[in-house]
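The basis for the numbers below is simple: all heavy atoms, side chains too, and nothing from hydrogens, waters or symmetry mates. Below, chain A is the first sequence line, B the second, and so on; all start at residue 1.
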Protein chains: 2
Amino acid sequence: MMLKFPSLWIKNATLGDRIANELRLRILENEMKPGDVISENQIAGRYGTSRSPVRDALKALSLDGLIRLERMGAVVQGMDLKDIQELYDVREMIENFAQQRVSKKNVSVLVQKLQQSIDKMELAAKYNDHSEFAYYDLLFHETIVRHADHKRIFNLWSSMKPLIMAVILVTTEQVFSYGSDHVEWVIGKHRTIVRAMQSKDRAVIEKSVNQYFDDSRHTLTESFRPDSSD
Amino acid sequence: MMLKFPSLWIKNATLGDRIANELRLRILENEMKPGDVISENQIAGRYGTSRSPVRDALKALSLDGLIRLERMGAVVQGMDLKDIQELYDVREMIENFAQQRVSKKNVSVLVQKLQQSIDKMELAAKYNDHSEFAYYDLLFHETIVRHADHKRIFNLWSSMKPLIMAVILVTTEQVFSYGSDHVEWVIGKHRTIVRAMQSKDRAVIEKSVNQYFDDSRHTLTESFRPDSSD
DNA sequence: GTAAGCCAACTTGTCGACAAGTACACTGGA
DNA sequence: TCCAGTGTACTTGTCGACAAGTTGGCTTAC
């Protein structure tokens, strides 16, 4: 039943987390559509578990904004193009904050770690492994936020991480389907980020972060045809 | 047992939410200190409930960053001065984003709502009701974020709201103890925010938001003497 | 035909129980 | 004295059950 989510990522995850990850993908891929009403019992039945882990999962999904808990049943909200662009707005805000903060310190250690992530992305690209690629894309950005050395910002990132993970997983799959040129272009964007950060110039960094997420939003606009998945 | 949290605020709240709110206050007021280890059974016993609602509460507190869930027991993290200042960093970031967005639209409706909150703060100040005051302080800022008309940003605010609520509750009590001059000064700060927003000038707004939270951080520095509550 | 009221099938919030796993003290042997 | 191994008392994750409350349809009266 649970096949979609890369099992490597969730080796020690609790049942609730697995169900949450699974449902995130199903909602993002429009298998569960906005307006659909789901209940704890229904999902528990579907996955052959009790309500307890499902309950945790639905709570998590409601924090993501993917569903809305109501008195009887939960209503799927889903994410349309605008919602995903808003998610990128927030990612841009967080990452700009983080990078500005990072740039006031020595970045050599950070740059080296980022380079490692980029290398792994290259490798994943070579072997056409889109979920591995997505993983290191996510790690790249998490590494930046972590190095900002700001607990609350990192907490913010962590709270959005499962959702971002699911979105990156879906969009990366699409990017791969466009061919290796597009994949290389994505890698190049990450190199650009690193270079901008090394400049340590406030305006340059802000511009580069803005450019990065503008590009991402633009890619979305192309790939997310309205209701293309029906 | 549960006496600290204003009961008006949580009339229809679930047991888990009440326990979470209560624990937030106890942690912020240093009755539960960083390093303390708590377990679901222990808290359930303390409040005379089963583990289920406690489990929800501890999950919420870990999302706040107030505790760290571990394999056996949860470790209280607490919030020191730096942590609260970091919380204000993030509030500043969110509110700046929201106000810049709001300022691109017609603000007259918003301004009127904000004025209502300020009026209620005035009234609460007159009757020396600090929790009522805190409530409308919170509402003031929530109103701004809501009017930004950006689901993801509002989601971010909502996810931090319970923690912000608890922090405002504690700090407002301290502000009131400083006397009515300080309370009036806080009200004045909110009026300044509104004026800056009406200017619709990007730089003016950014400056005003920055000033507001700088002031708040400064007030914190005065009131949060290290370990003053022991 | 229509509206009020009742009933049955759902829902969630909470509870207590069990199993698997962890930490720590205690025992025994050197 | 010290160290390895064992056992016990804890912990969490999951399960099934119950109660209170909601929804929607069906009956019944008009």
Side-chain angles (χ1 to χ4, degrees), chain A residues 1-2 5 7 9-24 26-27 32-77 158 162, chain B residues 1-2 5 7 9-24 26-27 32-77 158 162:
Chain A
M1 194 60 181
M2 298 203 240
F5 211 86
S7 52
W9 299 21
I10 50 174
K11 208 174 36 177
N12 288 331
T14 181
L15 250 180
D17 289 335
R18 289 174 202 230
I19 294 176
N21 283 326
E22 197 62 23
L23 290 180
R24 272 192 203 94
R26 293 210 186 272
I27 292 177
M32 296 166 66
K33 298 187 187 5
D36 287 0
V37 175
I38 60 183
S39 78
E40 296 175 4
N41 271 320
Q42 173 197 340
I43 306 295
R46 187 190 303 179
Y47 291 106
T49 70
S50 79
R51 277 174 53 215
S52 306
V54 175
R55 195 176 171 69
D56 293 343
L58 293 193
K59 189 79 191 300
L61 261 60
S62 89
L63 290 176
D64 290 338
L66 289 176
I67 67 176
R68 218 181 50 233
L69 298 180
E70 303 201 334
R71 266 173 293 198
M72 286 192 76
V75 181
V76 175
Q77 301 290 289
S158 301
Chain B
M1 193 61 181
M2 300 202 241
F5 209 86
S7 51
W9 299 21
I10 52 174
K11 209 173 35 177
N12 288 332
T14 181
L15 251 181
D17 288 336
R18 290 175 202 229
I19 295 176
N21 283 325
E22 197 62 25
L23 290 180
R24 273 192 202 95
R26 294 209 186 274
I27 291 176
M32 295 167 65
K33 297 186 186 9
D36 286 0
V37 175
I38 60 184
S39 79
E40 296 174 2
N41 272 320
Q42 173 198 341
I43 306 294
R46 187 191 301 179
Y47 291 107
T49 71
S50 78
R51 276 175 54 215
S52 306
V54 175
R55 193 174 173 71
D56 293 342
L58 293 193
K59 190 77 191 300
L61 262 59
S62 88
L63 291 176
D64 290 337
L66 289 176
I67 66 176
R68 217 181 49 232
L69 298 179
E70 303 202 333
R71 267 173 292 197
M72 286 190 74
V75 181
V76 175
Q77 301 290 290
S158 301

A.B. asks: Rounded to the nearest Å, what distance is computed from the CE atom of residue B:M72 to the C1' atom of nucleotide C:dG21?
C.D. replies: 8 Å
A.B. asks: So A:L58 and A:I38, do their side chains get closer than 4.5 Å, heavy atoms only?
C.D. replies: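 Answer yes - side chains close enough.
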A.B. asks: If the test is salt bridge (charged side-chain N to carboxylate O under 4.0 Å, His left out), which one of B:R24, B:R18, B:R26 qualifies with B:E22?
C.D. replies: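 Among B:R24, B:R18, B:R26, the one that satisfies the salt bridge (charged side-chain N to carboxylate O under 4.0 Å, His left out) with B:E22 is B:R26.
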A.B. asks: Do B:L63 and A:L63 come within less than 4.5 Å of each other through their side chains, counting heavy atoms only?
C.D. replies: yes
A.B. asks: C:dC24 P sits how many Å from B:R71 CZ, rounded?
C.D. replies: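 After rounding, the gap between these two atoms is 12 Å.
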A.B. asks: Taking atom OG of B:S62 and atom CD of B:E70, what is their separation to the nearest 0.5 Å?
C.D. replies: 11.5 Å
A.B. asks: Supply the atom-to-atom distance A:D56 CG to A:L61 CG, rounded to the nearest 0.5 angstrom.
C.D. replies: 11.5 Å
A.B. asks: With rounding to the nearest 0.5 angstrom, report the CZ to OG1 distance, A:R55 to A:T49.
C.D. replies: 13.0 Å
A.B. asks: DNA chain C: A:E70 or A:S52, which has the more 5' nearest nucleotide?
C.D. replies: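 Its nearest nucleotide lies further toward 5', so the answer is A:E70.
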A.B. asks: Starting at CG of A:D36, measure out to CD1 of A:I67 and round the result to the nearest 0.5 Å.
C.D. replies: 11.5 Å
A.B. asks: Please classify the nucleic acid contact of A:D56 as base, sugar-phosphate, or nothing, using heavy-atom distances under 4.0 Å.
C.D. replies: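 The answer is nothing, as A:D56 stays clear of every strand by at least 4.0 Å.
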A.B. asks: Rounded to the nearest 0.5 Å, how far does CZ of A:R46 lie from CG of A:L23?
C.D. replies: 6.5 Å
A.B. asks: Mapping B:A74 and A:S50 onto DNA chain D by nearest heavy atom, which one lands closer to the 5' end?
C.D. replies: B:A74
A.B. asks: Please list, in 5' to 3' order, the outermost nucleotides of DNA chain D lying under 4.0 Å from any heavy atom of chain B.
C.D. replies: D:dC10 to D:dT14
A.B. asks: Would you work out how much the helix from C:dG1-D:dC30 to C:dA30-D:dT1 bends between its ends, with each end axis defined by five base pairs, to 10 degrees?
C.D. replies: 10°
